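Everything below concerns the one structure shown next.
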Amino acid sequence: MIWNQGLRFGRAHSRRCLQYGRNSVVEFPRLASSKAGIQVKIAQIDSERPFEPALIDGFKRKHDYLRISLTERCNLRCFYCMPEEGIELSPKEHLLTNDEVIRLATLFVKSGVTKIRLTGGEPTIRKGIVDIIARLNDLRSHGLEAIAITSNGLALHRHLPTLIQNGLTHLNLSLDTLDPFKFELMTRRRGHELVLRTLDIAMASPSLQSLKLNVVIIKGLNDVEVLDFVEMTKDKNISVRFIEFMPFTGNNWNKSKMVPSSALLDRIRTRHPGLMRAPDELNDTARSWSIPGYAGSFGFISSMSDHFCASCNRLRITADGQIKVCLFDAKEVSLRDFLRSGASDDDLLRLIGKAVQGKQEKHAGMEDIDVVTNRPMILIGDPGSPATRSFRVYRHLSTVSNRKQAPRRYFSVKTPAPPPSLTHIDEHGRPSMVDVGEKLDTQRSATAAGRIYIPAIAYALVTSTSHKDPVNLRESAAVNKARQKGQALTVAQLAAIMGSKQTSNLIPLCHPLALTNVSVTLVPEAPEDSVPPSTSDNLPRQRNRHSILCTATVSCVGKTGVEMEALTAVSVGLLTVWDMLKAVAGKEMEIGEIFVAEKAGGKSGNWKRSHNSITED
Ligand SMILES: Nc1nc2c(ncn2[C@@H]2O[C@H](COP(=O)(O)OP(=O)(O)OP(=O)(O)O)[C@@H](O)[C@H]2O)c(=O)[nH]1
Ligand SMILES: C[S@@+](CC[C@H](N)C(=O)[O-])C[C@H]1O[C@@H](n2cnc3c(N)ncnc32)[C@H](O)[C@@H]1O
Ligand code: SF4
Ligand code: SF4
């Protein structure tokens, strides 16, 4: 191993960088004056090359750092980031192509971005990463200064020299433990020695401008190694960053498993009372320290206990082409869809500007982080989504230790889809409820629609707004009876909502779901009316008849879809219309086709029914 080799800087640092030669230890006053100097320089450069306003948010933060996720896949299964069985992957056609990545990167660079970090999933397993980096390198002439990657290093030892040759300048390598056995426990895979090999190759690569080691600290698991990691900085000119464990959808984050950076610092100071603050990069996530005489430095990324949102300069693009303005904000805007619909660069910038304007000042605190609707981090392209509860982690540790003879497997691929089968029938042909316990909670919605055809007399009745309205019919006993039932459509609407909530009681193998919203509309339609847009476009209508169109949209955050709830809502709504009107309409009524018109969320992503077909969007 090449432990003793220091890292030289190949060229001047980025204009955003305050770090001196990595061997130097700098005292505070010098740091402060240097910071001021750099600020002046940045102001000068900015005045020469005006920054695109679309990348400036409401708090005057300039976003000159873009993080692009290249893939949702990973060849490790770090327990704090990824469920053991992997995650539901977006269909391939939903992911940005290489050309689309470059198109967006170019637009951002021309607008002021100076640093691009490629992340994932594991970015090194993206086909074409070498080409992507080479094409990013061409953007230097437009102002791109740093091409960075965050990687677990498992496969990187093979590609690193080529990536560097093609333009890679910054590497953040993730390694949570120096113990191979613990590595296997934490990542659920083998490969510790491969990561160390990558580290050696990186240390020996003079043209790499920055090398950082990411260590996510979990209480009782790897926090005991903190001093060993600090010791690595004695001979190695490397920056080790201790990262606070963060919560994301499905990771069952637990405060008691998080070690605040201040506690780690105290522990290190006890061993090294002379430790000193080291210079940070501008907009850095880490607060850095070093020990006098040591070659490298170490720092703390305290996203949880001491956020750094005030200086945030980051935007992210997910592998499926959504722009996310903040790591902890669930809101996303699809650049992919807009780009694929033929949007010009100006159109795209306008959309980006809108998203950036919606950026919050900060994530308010760990209790406020939107872990319910935010996507798992592995899909954001940053810290991942621990899928297991902390106690399950420890249970898992013993499982792994018993699997020592398991075959080596460094790459995982999506399991091929099983042949179509009835999910509610088991292998013996018996009814069976699908166990969704391991699935992630995601935001889901479904819209169903259906029509009931009614005679003109019933149409007149439901469209009269009050008992006194001149309904053009004789006040027969039947009409009176129908009137006594109150506002037919209002009752049907309520019935649909209540029906939807009862779905799991009505349909034997349906899971009970905590619905977050049920919205039902009932629209009377006369033959001469034009067909209302959206949902009903997809529903063939007998244009010579009066009808009522019932549409129900149901939402939940859960492990399974809500189309059964939407279909139940429509069915019950239409049956209730029947019941309300049967006194006047009787056998002349007919319930037409009922179907799911739209779905969002879950494994199959978003889809919309078009006339007689289903189209993926
Ligand atoms: N709160 C917050 N934390 C972030 C953000 N980006 C990265 N992090 C944290 O930084 C850790 C390391 O991520 P990296 O991918 O190495 O990125 P980085 O440290 O931001 O990268 P550089 O500053 O460019 O070296 C992650 O695990 C997060 O804890 C962000 O935008 N917001
Ligand atoms: C999601 S990974 C993606 C890049 C690459 N696969 C890797 O591991 O370096 C980016 C960084 O996020 C960190 N991370 C993942 N889950 C985290 C969590 N729950 N809290 C804090 N950091 C996390 C990882 O350790 C890694 O350094
Ligand atoms: S942190 Fe997540 S994305 Fe990175 S190696 Fe681990 S499981 Fe993969
Ligand atoms: S939490 Fe959001 S605002 Fe704060 S630093 Fe991260 S991305 Fe920026």
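All ligand and atom numbering here is 1-based and tracks the order in the structure. Remember, predicted model here, so these are calculated numbers, not experimental data.
- By the 4.0 Å heavy-atom criterion, His170 is excluded from the residues contacting ligand 1.
- Looking only at atom types and distance, the side chain of Glu244 has a donor-acceptor partner in the side chain of Ser261 under 3.5 Å away.
- The closest side-chain heavy-atom distance from Asn283 to Phe308 is not below 4.5 Å.
- With hydrogens and angles disregarded, no donor-acceptor distance shorter than 3.5 Å links the side chain of Asp223 to the backbone of Ile217.
- With waters neither drawn nor counted, the protein N/O/S atoms under 2.8 Å from atom 4 (Fe) of ligand 4 amount to 1.
- Side-chain contact of Asn75 with Glu122: a donor-acceptor pair under 3.5 Å is absent, judged by distance alone.
- Residue-ligand proximity, Asp284 to ligand 1, at heavy-atom distances under 4.0 Å covers atoms 23 (O).
- Taking every heavy atom of Gly121 and a limit of under 4.0 angstrom, the matching atoms of ligand 3 come to 3 (S).
- Within the listing of ligand 1, atoms 14 (P), 15 (O), 16 (O) sit less than 4.0 angstrom from a heavy atom of Thr150.
- Taking all heavy atoms of Lys324, Arg67, Lys212 into account, the minimum distance to atom 13 (O) of ligand 1 is reached by Arg67.
- Note: no N/O pair closer than 3.5 Å links Glu244 and ligand 1 by distance alone.
- Arg117 and Thr150 form a side-chain donor-acceptor contact under 3.5 Å, judged by distance and modelled atom types alone.
- For ligand 1, the atoms sitting less than 4.0 Å from at least one non-hydrogen atom of Tyr65 are 21 (O), 22 (P), 24 (O), numbered in the order shown with element in parentheses.
- Distance alone, capped at 3.5 Å, is enough to place a donor-acceptor pair between the Lys182 side chain and the Leu221 backbone.
- Ligand-side atoms of ligand 3 in range of Asn152: 5 (S), range being under 4.0 angstrom from any heavy atom.
- For His192, the ring-ring contact (aromatic ring centres under 6.0 Å, His included) test picks out Phe183, with sequence neighbours left out.
- In summary, the atoms of ligand 3 found under 4.0 Å from a heavy atom of Cys74, numbered by their order in the structure, are 3 (S), 5 (S), 7 (S), 8 (Fe).
- Applying the 4.0 Å criterion to heavy atoms of Phe308 picks out, from ligand 1, the atoms 1 (N), 2 (C), 3 (N), 32 (N).
- You'll find the side chain of Leu265 stays beyond 4.5 Å of the side chain of Phe242, heavy atoms only.
- Residue nearest to atom 30 (C) of ligand 1, selected from Arg316, Arg241, Arg117: Arg316 (by heavy-atom distance).
- Of all the listed residues (Arg314, Lys362, Met304), Arg314 holds the heavy atom that lies closest to atom 20 (O) of ligand 1.
- The OG atom of Ser210 sits 4.5 Å away from atom NE2 of His170, with the distance rounded to the nearest 0.5 Å.
- A distance of 10.0 Å separates NE2 of His94 from CD of Gln322, quoted to the nearest 0.5 Å.
- Contact annotation for Thr119 and ligand 1: no heavy atom of the residue comes within less than 4.0 Å of the ligand.
- Put simply, the side chain of Ile116 does not reach to within 4.5 Å of the side chain of Arg67, judged on heavy atoms.
- A 4.5 Å side-chain heavy-atom check between Phe298 and Ile291 finds at least one atom pair inside the cut-off.
- Taking a 4.0 Å cut-off on heavy atoms, His307 fails to register as neighbouring ligand 1.
- The Met246 neighbourhood of ligand 1 comprises atoms 28 (C), 29 (O), with distances under 4.0 Å to a heavy atom of that residue.
- Screening residues 302-312 for salt bridge (charged side-chain N to carboxylate O under 4.0 Å, His left out) gives Arg287-Asp306 as the qualifying pairs, with residues at least two apart or on separate chains.
- Only side-chain heavy atoms of Arg316 come within less than 4.0 Å of ligand 4; its backbone N, CA, C and O stay farther off.
- Two residues are said to be in side-chain contact when any heavy atoms from C-beta on lie closer than 4.5 Å; Leu144 and Ile147 meet this criterion.
- With ligand atoms numbered from 1 in the order given, ligand 1 contributes 22 (P), 24 (O) to contacts under 4.0 Å with heavy atoms of Lys115.
- Here is the list of ligand 1 atoms found below 4.0 Å of a heavy atom in Leu327: 1 (N), 2 (C), 3 (N), 4 (C), 5 (C), 30 (C), 32 (N).
- Side chains of Asn313 and Asp64: a donor on one and an acceptor on the other come within 3.5 Å.
- Screening residues 205-231 for ring pair (Phe, Tyr, Trp, His ring centres under 6.0 Å) gives no qualifying pairs among residues at least two apart or on separate chains.
- Cys78 lies apart from atom 2 (Fe) of ligand 3 in this respect, since none of its N, O or S atoms is found at a distance under 2.8 Å.
- If you number the atoms of ligand 1 from 1 as listed, the ones under 4.0 Å from a heavy atom of Ser303 come out as 1 (N), 2 (C), 3 (N), 29 (O).
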